[in-house]
Number of protein chains: 4
Amino acid sequence: MTATAERADSRRNREIVLRTAARLFAEDGPDVTLSRIAQRAGVGAGTVHRHFPSKEILVEAVLAEHVESLAAAADRWAAHAAPGDAVYGLLLEVIEKSAGRQPLCDVLTADRGWPRTHLAGSVVRFRDALDRLLGNAQRAGAIRSDVQVDDLCALTVGAATLVAAHRNRSRATRLVRLLLDSLRVTESPVFRDSVSTRRHETAHCVECGTRLHVHPTGRPARYCGPTCRQRARRRRTAG
Amino acid sequence: MTATAERADSRRNREIVLRTAARLFAEDGPDVTLSRIAQRAGVGAGTVHRHFPSKEILVEAVLAEHVESLAAAADRWAAHAAPGDAVYGLLLEVIEKSAGRQPLCDVLTADRGWPRTHLAGSVVRFRDALDRLLGNAQRAGAIRSDVQVDDLCALTVGAATLVAAHRNRSRATRLVRLLLDSLRVTESPVFRDSVSTRRHETAHCVECGTRLHVHPTGRPARYCGPTCRQRARRRRTAG
Amino acid sequence: MTATAERADSRRNREIVLRTAARLFAEDGPDVTLSRIAQRAGVGAGTVHRHFPSKEILVEAVLAEHVESLAAAADRWAAHAAPGDAVYGLLLEVIEKSAGRQPLCDVLTADRGWPRTHLAGSVVRFRDALDRLLGNAQRAGAIRSDVQVDDLCALTVGAATLVAAHRNRSRATRLVRLLLDSLRVTESPVFRDSVSTRRHETAHCVECGTRLHVHPTGRPARYCGPTCRQRARRRRTAG
Amino acid sequence: MTATAERADSRRNREIVLRTAARLFAEDGPDVTLSRIAQRAGVGAGTVHRHFPSKEILVEAVLAEHVESLAAAADRWAAHAAPGDAVYGLLLEVIEKSAGRQPLCDVLTADRGWPRTHLAGSVVRFRDALDRLLGNAQRAGAIRSDVQVDDLCALTVGAATLVAAHRNRSRATRLVRLLLDSLRVTESPVFRDSVSTRRHETAHCVECGTRLHVHPTGRPARYCGPTCRQRARRRRTAG
DNA sequence: CATGAATGAGCCTTCATTCAT
DNA sequence: GATGAATGAAGGCTCATTCAT
């Protein structure tokens, strides 16, 4: 298996370069030099070019991998959560994962011509998955019927930027949750053509967002358990 | 008075360069070359460097002027609008004006070390003005009491990105309005992830965001008056 | 006249770079590096690129100037010499001037696509002038009537190479003169096929070159054996 | 016999690489990359370097093989043709075979320092063989006595370039034959400076180039005697 | 011994900055 | 002051060569 072994070695290098590039792009923006990436990855400049013939292709590969993971997340949420939870859960996950990754914006919304088609495919996969989740949630009455997948993409991008811009990460997250709530159905005609009908019951831990079982009677629970309750108390008394 | 005449000429040149740079940065991103700016401004490369010794300084000057204008807008809203309207109006104006200007994000939130202190001062002025507006609004009960000025800054940045990322500008604007509504007071606990919160009734001019008096019956008004109705019509027919 | 003075300075630089490039191309072939040209010209790398935005453009400029001078020579000979002398004089001058400048070959004969049209124009000018001289000489009976301008171009290129290849320049020149005499009119049949060539019989494996035994009958073998046949097939199917 | 088998395999690989390199050098010039050669040869880059430690050595090997084949051709012509036929036949064969192979020029005439002495030896062998043929032909009166072997080498190189430069291969060949005829003996002074003089009447045996006595009347003789007439007939009937 | 991935020096080119005019 | 040519330090990319598998 000599050939296989060598290929494994090469693939590991590719992996290292990709990961290093992703980190540096996230940290320092898209203007990082290839030499720096190569240096940090511990390989020569030529190795980077062997795996990614041009810088643009490297950028695309990084983005593609990210979008790929987002699409996987969408599939995960679709499989394991109730319609309403799925969209919100996915959006939150995407926002968290994408915070600070500005070029991701371009890729999820605008369609620049990328040298290879791989990325475009991933984006389509993600948008389609998101669209399905959105449809399910709307049919379940968990989200306004006038929301479109483009709205969600732009919202995602904006929220990711918000999170990255905020000095306090946890406040940012809670703010994003508050904003996302705007998408839940209401009777008010904000998006002009919206016709809201039903209102479904869901509840999440105020601290960590875990879904809570809703009891038909009694005071609604705010936390998923003592851990989160205590954590919230600590923050209140600290503030 | 040759000296004075020359100084006037020089100042005009500075203005032209600044304005051209602002336009090109907005259009083509922060990687525009100085030669292009000089060429578009109709001056030589040396002139640009006389007024702005380095590219970073030019970038800072462009940002500073933008933030300056935002601060002025804040003052305007403070002077001429009710507390509640002022914050929302200002936020919308800032978002509209900043859409697509990504480096503005950095400046409003993170404090990168800029070569000259001018920009930092402008940012402080803006934040202070925004803070005052926020306080007024909160005292007037028009905005949640747990919102801080940092939240608003990050929100601004995120919304600006959202608007820039959305393919449909008017949908984006309406989406942003919907999100901003989340900040209005509710009976729900602070930053609660609020499945079971009810939204109260609000309505705003879809053109300028001014709050509208809600009549209990009849077709809801969409505009605050003929001026905005006409403006919206003009945009529709132009599109 | 400040502007004029500066432009004069710049033009001098351009001239220096062009001349240096011409010399180095002639001396060391077309693979000289731009840095070396810049260094020898006593300017920075950027200056070379200001005047000649790409290496190809620089090469073209060098060639164009050369061809330009050849065309001028053609005009000179046409104006000041008898028809017969003019062609031969021009050919000799062109050969002398072009000796050792191999890329000139490409330009006078083959039409590669050059980035700028300037060069193509010069070549056409030269060929037209040469064609006119040729016609005149033929009408005057000073040159064989079956010679075409393409023959002269190729001859020029070959003779220039000959001169450059010969160790003794003056012998080379006299040899070229002798050869040129072949073009003068004779009674012998046109372009007589005057020397016998005999081809010998051999065959080799088209893959590895091993000599093959030639069977007097049957379809000739192309490979020395199954190994090479298979290898060739693999390459063909690999595309 | 593993060692023997391996050695045979290795030698075949060497042959393949050499042949591929020769082809690519001829097709695409001397700037072909080694990777391309390796790829086309169906071997790895390392294999190329095992057989030819540097690119220059590979180039030299290609040239050496070519010159080797030219020397063999010289021997063949010496063995099987009359003195006059031999030189002209060889020159034509060399020219045909070398057309378009510019680096061959350098090798036949100028002595660049090649890393290995192999090539120099081949060149010497070729020049010696050519020299012998030249002497024979001169003694047979088939070629001007003032021609030296250096002249022939340079002429070869020039003619090869001419052929490569001409757009019409068959015209080029005939032109070259015409030029070669200049080397046949005449009564005119050696290497006459001939631009402005008239040519005198000469006639040569079409087969071996011997000068013929020109009768003022009657049909001009084509052959120097029965031998050459018969030889020409044989060739005509064989073709 | 073959393979092909890794290396890194060097190429062409760009562009912020300097400086002579 | 204004101009725009000159500068030269990187940046992206290539490719001959080396080396681990």
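In what follows, every chain begins at residue 1, and chains take the letters A, B, ... in the order their sequences are listed.
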Exercise for the section: Could you pick out which residue, V32(D) or D31(A), lies toward the 5' side of DNA chain F when each is mapped onto its nearest nucleotide? Expected result: D31(A)
Exercise for the section: Look at the side-chain N and O atoms of S10(B) and state whether any lies under 4.0 Å from the OP1 or OP2 oxygen of dG1(F). Expected result: no
Problem - CD-OG distance between E65(A) and S69(A), expressed to the nearest 0.5 angstrom - result: 7.5 Å
Practice task
Starting at atom CZ of R11(C), determine the distance to atom P of dA6(F), rounded to an integer number of angstrom.
Solution key: 13 Å
Completion exercise
Atom CD1 of I37(A) and atom P of dG11(F) are separated, to the nearest Å, by 11 Å
Pairs: protein N or O with nucleotides 17-19 of chain E N or O, under 3.5 Å:
residue : atom : partner : partner atom : Å
dT17(E) : OP2  : K55(B)  : N            : 2.8

Practice task
For V32(A) and K55(A), work out which heavy atoms get closest and say how close.
Solution key: O-NZ, 2.7 Å
Problem - 5' priority, DNA chain E, between N13(A) and G44(D) [closest heavy atom] - result: G44(D)
Handout entry: V107(C) vs E60(C), side-chain contact (heavy atoms from CB on, under 4.5 Å): CA-CA, chis, key distance, verdict
Key = CA-CA 9 Å; V107(C) 111; E60(C) 177 182 324; over 6 Å; no
Problem - Validation row: V123(B), L63(B) side chains within 4.5 angstrom (heavy atoms) - result: no
Handout entry: Phosphate contact (dA6(F) OP1 or OP2) by H51(C) side-chain N/O below 4.0 Å
Key = yes
Exercise for the section: Kindly give the heavy-atom pair with the smallest separation between V67(A) and L119(A), and that separation in Å. Expected result: CG2-CD1, 4.3 Å
Practice task
Calculate the interatomic distance between R36(D) atom CZ and dT14(F) atom C1'; express it in whole Å.
Solution key: 15 Å
Exercise for the section: Starting at atom CZ of R12(A), determine the distance to atom P of dA20(F), rounded to an integer number of angstrom. Expected result: 15 Å
List, one per line, each side-chain donor-acceptor pair under 3.5 Å for residues 17-30 of chain C, sequence neighbours excluded.
residue : atom : partner : partner atom : Å
R19(C)  : NH2  : E15(C)  : OE2          : 2.9
T20(C)  : OG1  : I16(C)  : O            : 2.7
D28(C)  : OD2  : R36(C)  : NH1          : 2.7
D28(C)  : OD2  : R36(C)  : NH2          : 3.0

Exercise for the section: Give DNA chain F the dot-bracket treatment, 5' to 3': Watson-Crick (N1-N3 with N6-O4 or O6-N4) or G-U (N1-O2, O6-N3) under 3.5 Å, [ ] crossing, | other strand. Expected result: .||||||||||||||||||||
Exercise for the section: Indicate yes or no: at least one non-hydrogen side-chain atom of S10(D) is less than 4.5 angstrom from one of H51(D). Expected result: yes
Practice task
State whether R50(C) places a side-chain N or O below 4.0 Å from either non-bridging phosphate oxygen (OP1 or OP2) of dG4(F).
Solution key: no
Problem - Out of dT3(F), dT7(F), dA2(E), whichever nucleotide has its closest atom nearest the side chain of T47(D) - result: dA2(E)
Practice task
Would you mind reading off the distance between Q39(C) atom CD and dG10(E) atom C1', rounded to a whole angstrom?
Solution key: 14 Å
Problem - T47(A) OG1 to R14(A) CZ distance, which is reported to the nearest 0.5 Å - result: 13.5 Å
Practice task
Starting at atom CG of D9(A), determine the distance to atom C1' of dG4(E), rounded to an integer number of angstrom.
Solution key: 12 Å
Exercise for the section: Report the residue (R14(A) or T33(B)) whose heavy-atom-nearest nucleotide on DNA chain E is the more 5′ of the two. Expected result: R14(A)
Exercise for the section: Measure the distance from CD1 on I16(B) to C1' on dA2(F) and round it to the nearest whole Å. Expected result: 13 Å
Practice task
Search all heavy atoms of S122(A) against all heavy atoms of A64(A) and return the closest pair with its distance.
Solution key: OG-O, 4.1 Å
